[in-house]
Amino acid sequence: MVDRYCDLVMKGGITSGIVYPNAVLSLARQYRFKNIGGTSAGAIAAAVAAAAALGDRRRHAGQAVEAQVGFPGLATVSAELSRRGFIYSLFQPAHGARTAYRLLVMLTGKSSLPRKIACLLAAVFAIAPLELLATLVGLLGIGWLAGGVDGVWATLLPSLLCAYGAGVLASALRVARVARRNLLGLCSGATQADASTPALTDWLHARLQALAGLPADRPLTFGDLHQAPRYAGEPAGAHAISLQMITTCVSHTEPRTLPFSAAHFWFVREEFLQLFPASVVDWLVAQAGAPQRVDGRDYYRLVDGEQLPVLVATRMSLSFPLLISAVPLHEPARRERRCEPAAAPTPGRDSSNVADSMEGLTSGGQNCGPVITAFRVCWFSDGGISSNFPIHLFDAALPRWPTFGINLVYPRHADAVLLSDAEGQGEQAQIERAVFLPTENRQGWQRSYQSIAKPLAAAEMSGFLFSIVSTMQNWRDVLQARAPGYRDRIVHVSLHGDEGGMNLDMPQDVLSRIAAKGSVAGERFCDFSFANHYWIRWRNLASAYQRYTLEIARTDDPAQRVAAWHDAYESVASGEPPPPSYRLGSEDKRRESQQLWHHMVEQGQRWDDLGPDLTDGAPRPLPQMKVTPIY
């Protein structure tokens with residue numbers, strides 16, 4: 001009987017997510033899942049893994065017997081994703097966006113440079129042929145009026161160039177209009193009217209419901225996961241299964257963790273019908289209650305926390321910019337205080353509430369309060385914009401079980417040599433070599449290296465700019481993944497250029513190879529040493545806490561204090577003078593706060609005077625304790 005528990009965090013990577021289902025299945029043979037998270041494609045994998053984990057718990061509790069509930073159903077999902085043409089069928093561009101969609105896939109894929117250039121040039125004729133032709137005829141007409149046939153021949157080449165430039169501009173404007181109409185993306189994720197197979201969101205909804213053993217018209221929610229049946233002997237905790245994923249609110253320029261907690265967002269039914277199955281939208285509308293009608297539009301309150309459907313959160317995390325539509329939510333932009341006539345008392349209802357009676361007297365028998373008079377849209381896009389590998393999810397000072405991470409690596413140049421060493425050793429040897437999990441403390445800390453050197457200057461500049469964007473996007477995740485106590489629990493899956501990414505229509509052998517790497521990745525964790533991991537985490541914590549406390553102790557050193565701010569120091573140490581804000585509500589709290597400060601100062605002073613230095617011999621690079629906001 002499996003009695004080991006684990007968490008799992010998965011990185012974004014579009015079609016590279018084929019790795020994940022088999023990895024989850026391999027892990028499920030040795031571990032039971034408590035917390036699961038991810039970003040973008042990793043969010044899809046996290047959602048289906050959490051649904052399968054719920055289904056497995058329900059099967060153990062005798063609540064579900066369907067064949068596709070739990071991990072048997074996840075095996076079916078893995079087989080679907082590994083079938084050629086299936087992933088390509090999930091991405092269905094909106095009407096008017098097909099050419100732009102094919103061009104985007106071509107440019108971001110692994111086709112040769114000449115073919116990309118040819119497709120880019122030809123796309124203008126397909127997207128804006130009338131504008132190009134009209135401009136060319138107009139310019140040649142000017143040449144005809146100026147010099148007859150000779151004028152036409154004289155202006156032919158510049159007319160062609162100018163007409164093509166006008167076609168490029170017209171194409172860009174047309175694609176922009178189509179994308180805006182389709183909620184800032186070429187594919188909404190919803191099934192198109194002329195499609196014979198379900199698109200990404202509809203397919204995902206069906207799979208989540210089947211894996212969890214729930215009917216299609218009652219979407220799987222985070223609360224269903226939290227309240228899942230418990231295994232015998234399972235550690236106590238608020239949630240049986242916890243699922244988290246990252247999205248990016250580009251309107252607020254910040255990452256957000258899903259599900260929201262006490263968020264105040266609304267949605268428009270017509271917009272959500274472009275993104276989600278009608279049954280899910282109907283359920284959301286039913287949960288929202290009466291809408292807010294502003295400027296002729298109905299805004300429905302979006303449920304949050306445990307009530308939020310997993311499908312909605314997953315869709316908010318996977319909105320790959322331009323390729324997949326963003327998710328619009330709305331927040332109040334303006335409130336006004338208004339009074340409305342008080343409703344007549346309900347027969348039989350107790351109307352003796354003193355507060356209600358006083359409110360009625362002071363407002364002249366009317367109900368008064370703030371009313372939303374304007375909304376503003378907040379666009380949510382891919383979580384990978386801000387955190388593509390959120391290894392910080394579910395982190396604890398001293399974990400009760402390991403939080404595994406699966407990192408997708410795209411080696412280039414020097415790193416690619418490591419993979420080529422396995423060539424000639426057979427396909428299985430290459431797959432084994434492409435999956436790496438540190439087995440010694442000195443492994444996994446090395447910095448990655450990405451060369452930008454190219455034969456062409458333009459290509460080198462392009463590589464430089466892309467590396468800048470990648471650094472802005474991933475620097476925090478990269479640093480966290482190299483830290484001791486993190487690097488030992490991350491398996492790295494190296495993918496070749498033709499594997500994953502924007503390759504939506506991969507050959508069958510490539511799909512099978514990626515799926516096989518997933519199986520190996522999950523198996524790597526079977527021999528994970530939690531005893532060593534737990535000790536490293538303690539060494540990190542002890543070192544960081546000691547250095548943190550030493551810094552606090554220095555605030556009590558008169559030589560390091562600023563005389564002008566004496567009152568600020570004493571307000572914390574003794575409570576006098578009283579603090580200017582966020583005051584502690586009782587004498588007990590004030591006393592505990594002062595005792596805590598004195599305890600930390602005394603501990604830091606003792607360490608500073610007598611030692612020992614717990615940082616000596618601690619794992620490198622050293623961690624630091626900082627107060628950072630939760631997102």
Side-chain angles (χ1 to χ4, degrees), residues 237-238 242 244 246 249 252-257 260-264 304-305 386-387 390-400 403 475-477 479-480 483-486 534-631:
S242 180
Q244 292 184 7
I246 304 296
C249 182
H252 292 156
T253 64
E254 65 179 14
R256 297 290 295 267
T257 300
F260 294 129
S261 177
H264 300 283
D304 60 0
S386 49
S387 182
I391 193 62
H392 67 276
L393 292 178
F394 320 121
D395 194 25
L398 286 176
R400 290 180 291 168
T403 297
W475 70 268
R476 182 180 295 273
D477 297 339
L479 287 177
Q480 194 81 57
Y486 291 82
Y534 192 80
W535 175 249
I536 290 174
R537 293 303 296 256
W538 167 245
R539 288 287 269 131
N540 282 341
L541 178 61
S543 169
Y545 178 75
Q546 184 183 58
R547 286 179 281 113
Y548 194 70
T549 308
L550 287 169
E551 288 294 326
I552 294 174
R554 293 188 182 103
T555 66
D556 193 47
D557 183 355
Q560 299 196 44
R561 285 189 167 186
V562 179
W565 293 323
H566 176 268
D567 287 352
Y569 306 137
E570 288 304 310
S571 179
V572 173
S574 64
E576 294 295 337
S581 63
Y582 296 104
R583 298 184 179 183
L584 297 166
S586 67
E587 183 62 32
D588 288 343
K589 291 181 179 179
R590 289 192 291 272
R591 185 168 54 253
E592 286 296 325
S593 173
Q594 294 160 23
Q595 289 177 356
L596 174 62
W597 183 85
H598 284 291
H599 171 75
M600 298 185 77
V601 167
E602 291 171 1
Q603 180 68 71
Q605 290 172 342
R606 187 177 68 81
W607 273 329
D608 195 30
D609 292 339
L610 304 175
D613 183 6
L614 298 179
T615 297
D616 184 27
R620 295 302 196 267
L622 288 176
Q624 61 179 349
M625 296 181 70
K626 294 288 185 182
V627 177
T628 58
I630 297 173
Y631 63 87

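None of the values given here were measured: they were computed from a predicted structure.
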Taking everything shown except R476 itself, do over 12 heavy atoms lie less than 6.0 Å from its CZ?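 Result for CZ/R476: open.
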
Counting neighbours of NE2 on H599 that are heavy atoms of other residues, nucleotides or ligands and sit closer than 6.0 Å, is the number greater than 12? no

R561 to T555 - nearest heavy-atom pair and separation: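 Looking at all heavy atoms of both residues, the shortest contact is NE-O, 2.6 Å.
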
Measuring from atom [atom1] of [X] to atom [atom2] of [Y], what distance do you get when rounded to the nearest 0.5 angstrom?
| X | Y | atom1 | atom2 | result |
| --- | --- | --- | --- | --- |
| M600 | E551 | CE | CD | 11.5 Å |
| D613 | S543 | CG | OG | 7.5 Å |
| H598 | S574 | NE2 | OG | 7.5 Å |
| I552 | L596 | CD1 | CG | 8.0 Å |

Using the test side-chain hydrogen bond (donor to acceptor under 3.5 Å, both in side chains), find all partners of Y631 that sit at least two apart in sequence or belong to another chain. H392

Between the side chain of D304 and the main-chain N/O of S261, is any donor-acceptor distance below 3.5 Å? no

Mind checking whether [X] and [Y] have side chains closer than 4.5 Å, heavy atoms only?
| X | Y | value |
| --- | --- | --- |
| E592 | K589 | no |
| C249 | P255 | no |
| W607 | R547 | no |
| R591 | D588 | yes |

With R400 as the cation and Y534 as the aromatic partner, state whether NZ or CZ is under 6.0 Å from the six-membered ring centre and within 45° of the axis.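 No, cation not above the ring by the 6.0 Å, 45° rule.
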
Report the residue from L393, D477, T257 that forms a side chain to side chain contact (heavy atoms under 4.5 Å, CB included) with S387.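 When L393, D477, T257 are each tested with S387, the side chain to side chain contact (heavy atoms under 4.5 Å, CB included) holds only for D477.
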
